[in-house]
Amino acid sequence: MSLKYTALDEIPRINETARRAWLSGKAKPLAFRKEQIAQVAYLVKDNEQRFKDAMKADLGRPYLETEFFDFGIVYAEARTAYDSIETWTREHAPDFSPNWFFMSPRLKPEPKGVVLMIAPFNYPLFLLLVPLISAIAGGNAAVLKPPEHTPAFSALLADLVPQYLDSELYHVINGAVPETAKILELKWDHIMYTGNTRVGRIIAGAAAKHLTPLTLELGGKNPVVVDSRTDLELAAKRILWGRVSNAGQICLAPDYVLVPEETQEALVAAFRKANQQFFPDGAKTSDSFGRIVTEAHTERIGKLINQTRGTIAFGGEIDIPERYVAPTVVSNVHPDDPLMVEEIFGPVLAVVPVKDVDEAIAYINSRDYPLGVYIFSNDKKFQDKVTENTQSGSVMINETLIAVGAPGLPVGGKGSGGYGYYTGKYGFDQFVHMRVSLKNPSWSDTIAFWARYPPYTPAATKKLRSFEAKLPPRPGKGDFVSGIVWIVAFATVVAGVSSVVAKLRVTNHA
């Protein structure tokens, strides 16, 4: 199946069709939303082999990785949204207030409108369909823009979406830079983009022209902090798995390892052992190792390996026509090394020796916020020290990657790692507007709210100010005074009890 780009003049019509369908109200009924959510799940379930073959063609991805990273998460999201939509969409009251309760203040999640989702090449199934489920749950129309670098997948998705979902509300636009530029000229009610920071800035700029809200998930260089006392073999296995899955093309993948100088050699040996266990006959001939998405990206990673001043402990082989980069560990990498300039986005892991955990923390804090920080230690004090003194979208202890699939946990970044969330209720919240309402009865003016009308009088001022909330205790003095009040009250109670007890004793003695 070849990938056909959407005609430029068709893109505005798709936007108009989706908006017209959304304005008709057909996306609002909960029964309709649940039906479409289920259809998203069955779009995948009925075509699992076709999707696995497409990912194999585009990325050389092993079938198991598509099943683990894509199918399972999509099915879980569909089930959660399907079961929770009545609760998520329910109108609810704010916390009780004696001054406002009679006006029946309410909050209701309402659809934003027509939303746009742009996904990268590394996990397009997960990164398009999971947000789509959230958008449908919110009652929106949606337009999906798959990546042009995964032609087999993108063509398949464009073929299947109109077969399974409402063809007026949900659309796929395929194309490259010109098509994306045309899309971004149009008004959308929310845009969700997953990808790199450079393109994220372009999309944010385009969205700003229409004051369109955004969700951005942008990745970054994710550090691993290793405690010398941890189980190095287990740590190496989990870190290397996180680095080489999908040939390293994962925004949350560990990018570099900060390890005490005296432990570096032992950790590298553990990485070498894990690599041999993963690929006993070599990664190039293994059906458990993928490929880089394009020859250009393969060449870029190859240049980083050739330019490094670190020591290539193992790996380093590049085959550009085959889009192959061997699992590679580079030790003795210094902070100014070419490997440390940008996100590698390939199966290359840099090992950076440090003096201690304080130097590791300082190095992390000297860089942009990562999407994830990984800590390998069984010492809670060590874990807490790194967690409490660094910033990131997420932190995982003695594990890599898999928090993305944990139910109830959102996926999102901070700072240059992006903003906003997807998955579960957090994803639903991205695509709804919390509309507030209240109903003020006419009799409220007779009792209290008459005071808001001119002419303003001292009596009116006194009445209105009587509704003001009490301030918290004044720091210092207020805490002291309130403490004295409690002490006096407690002493009074004790004295009263003592008096009663004394009288009872006198009575009993008599």
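Fair warning: this is a prediction, and the values are worked out from it, not measured in the lab. Only this structure's heavy atoms are used, side chains among them; waters, hydrogens and symmetry mates stay out.
Distance CD1/I183 to CG/N15: 9.5 Å, rounded to 0.5 Å. Taking NZ from K52 and CG from L125, the interatomic distance works out to 12.5 Å, rounded to the nearest 0.5 Å. Interatomic distance, S154 OG to E148 CD, rounded to the nearest 0.5 Å: 8.0 Å. Between the CG atom of D53 and the NZ atom of K56 there is a distance of 9.5 Å, given to the nearest 0.5 Å. Between the CZ atom of R79 and the CD1 atom of I133 there is a distance of 12.0 Å, given to the nearest 0.5 Å. Note: M117 CE to L132 CG = 5.5 Å, rounded to the nearest 0.5 Å.
Side-chain contact between L258 and V224 is absent, with no heavy-atom pair separated by less than 4.5 Å. Side-chain contact between D70 and Y123 is present, with at least one heavy-atom pair separated by less than 4.5 Å. At a threshold of 4.5 Å between non-hydrogen side-chain atoms, the residues E86 and K34 count as touching. At a threshold of 4.5 Å between non-hydrogen side-chain atoms, the residues T194 and I118 do not count as touching. Two residues are said to be in side-chain contact when any heavy atoms from C-beta on lie closer than 4.5 Å; I239 and Y374 fail this criterion. For the pair Y193/V199, a side-chain contact is recorded, criterion being any heavy-atom separation below 4.5 Å from C-beta on. No side-chain heavy atom of V329 sits less than 4.5 Å from a side-chain heavy atom of R272. Counting only heavy atoms from C-beta outward, the side chains of Q36 and D166 approach each other to under 4.5 Å.
Remark: side-chain polar atoms of T6 are not paired, donor with acceptor, to backbone N or O of I173 under 3.5 angstrom. Side-chain atoms of T390 do not come within 3.5 Å of backbone N or O of V373 as any donor-acceptor pair. Put simply, the side chain of R238 gets close to the backbone of N398: a donor and an acceptor are under 3.5 Å apart. In this structure a side-chain-to-backbone donor-acceptor pair under 3.5 Å is present from R323 to I292. Remark: side-chain polar atoms of D255 are not paired, donor with acceptor, to backbone N or O of P223 under 3.5 angstrom. Using modelled atom types, no side-chain atom of S286 and backbone atom of G282 make a donor-acceptor pair closer than 3.5 Å. Checked by atom type and distance alone, the side chain of N122 pairs as donor or acceptor with a backbone atom of Q249 at under 3.5 Å. For K45 (side chain) and Y75 (main-chain N/O), no donor-acceptor pair under 3.5 Å exists by modelled atom type. Checking side-chain atoms of R33 against main-chain N and O of N140 turns up no donor-acceptor pair under 3.5 Å. Without hydrogens or angle criteria, T212 side chain to W188 main chain gives a donor-acceptor distance under 3.5 Å.
For K28, the NZ atom sits in a loose shell: 12 or fewer heavy atoms of surrounding residues, nucleotides or ligands are nearer than 6.0 Å. Open room surrounds CZ on R201; 12 or fewer heavy atoms of other groups in view lie less than 6.0 Å from it. Shown here is D95, whose CG atom has no more than 12 heavy atoms of other residues, nucleotides or ligands within 6.0 Å. No more than 12 heavy-atom neighbours from other residues, nucleotides or ligands sit within 6.0 angstrom of NZ on K273. The environment of OH in Y421 is sparse: at most 12 heavy-atom neighbours from other residues, nucleotides or ligands sit within 6.0 Å.
In this structure, F51 and F153 have tilted ring planes: the angle between them lies in the 30° to 60° band. Ring geometry for F428 against W88 counts as tilted: the plane angle lies between 30° and 60°, on a 0 to 90° scale.
Of all the heavy atoms in A326 and G315, the pair that sits closest is CB-CA, 4.3 Å. Closest non-hydrogen pair, G242 versus T400, comes out as CA-OG1, 3.6 Å. Minimum interatomic distance between V172 and L157 (heavy atoms only, all atoms of both residues): CG2-O, 4.2 Å. Taking all atoms of both residues into account, the shortest heavy-atom contact from L218 to N196 is CD2-O, 3.6 Å.
Between R309 and D336 there is a salt bridge, since a side-chain N of the basic residue sits under 4.0 Å from a carboxylate O of the acidic one. With salt bridges taken as basic N to acidic carboxylate O contacts below 4.0 Å, one links E168 and K26. Salt-bridge annotation for R19 and D189: present, with a side-chain N of the basic residue lying under 4.0 Å from a carboxylate O of the acidic one. Comment: E110 engages R435 in a salt bridge, judged by a side-chain N to carboxylate O separation of less than 4.0 angstrom. A salt bridge is defined here as a Lys NZ or Arg NE, NH1 or NH2 lying under 4.0 Å from an Asp or Glu carboxylate O, and K284 with E317 fails to meet this definition. A salt bridge does not link E179 to K182: none of the charged nitrogens lies less than 4.0 Å from a carboxylate oxygen.
With 3.5 Å as the limit, one finds a donor-acceptor pair spanning the side chains of Y164 and D46. Using modelled atom types and a 3.5 Å distance limit, the side chains of T308 and D337 yield a donor-acceptor pair. Q430 and T215 are linked by a side-chain donor-acceptor pair at a separation below 3.5 angstrom, with hydrogens and angles left out of the test. In summary, the side chains of Y42 and N47 do not present any donor paired with an acceptor at a separation below 3.5 Å, with no hydrogens or angles considered. Using modelled atom types and a 3.5 Å distance limit, the side chains of Q49 and Y63 yield a donor-acceptor pair. A donor-acceptor contact closer than 3.5 angstrom is absent between the side chains of H433 and K112.
In terms of the side chain to side chain contact (heavy atoms under 4.5 Å, CB included) criterion, residue partners of E65 (sequence neighbours excluded) are, by chain and number, R61, P62, F69, S245, N246.
For Y363 and Y256, the ring centers sit closer than 6.0 Å to each other.
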- Task: Show the numbers, then the answer: is there a side-chain contact (heavy atoms from CB on, under 4.5 Å) between S134 and F431?
- Result: CA-CA 7 Å; S134 298; F431 295 107; 3.8 Å; yes
- Go through the steps for M340 and V333 under the test side-chain contact (heavy atoms from CB on, under 4.5 Å), then give the verdict. CA-CA 8 Å; M340 303 304 293; V333 175; 3.7 Å; yes
- Query: Stepwise, does the side-chain contact (heavy atoms from CB on, under 4.5 Å) test hold for F271 with F314?
  - Reply: CA-CA 9 Å; F271 281 135; F314 62 83; 3.9 Å; yes
- Please test F345 against I250 for side-chain contact (heavy atoms from CB on, under 4.5 Å), starting from the C-alpha separation and ending with a verdict. CA-CA 7 Å; F345 222 64; I250 303 176; 5.6 Å; no
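The one candidate from R300, K303, R198 that meets the salt bridge (Lys or Arg N to Asp or Glu O under 4.0 Å) condition with E342 is R300.
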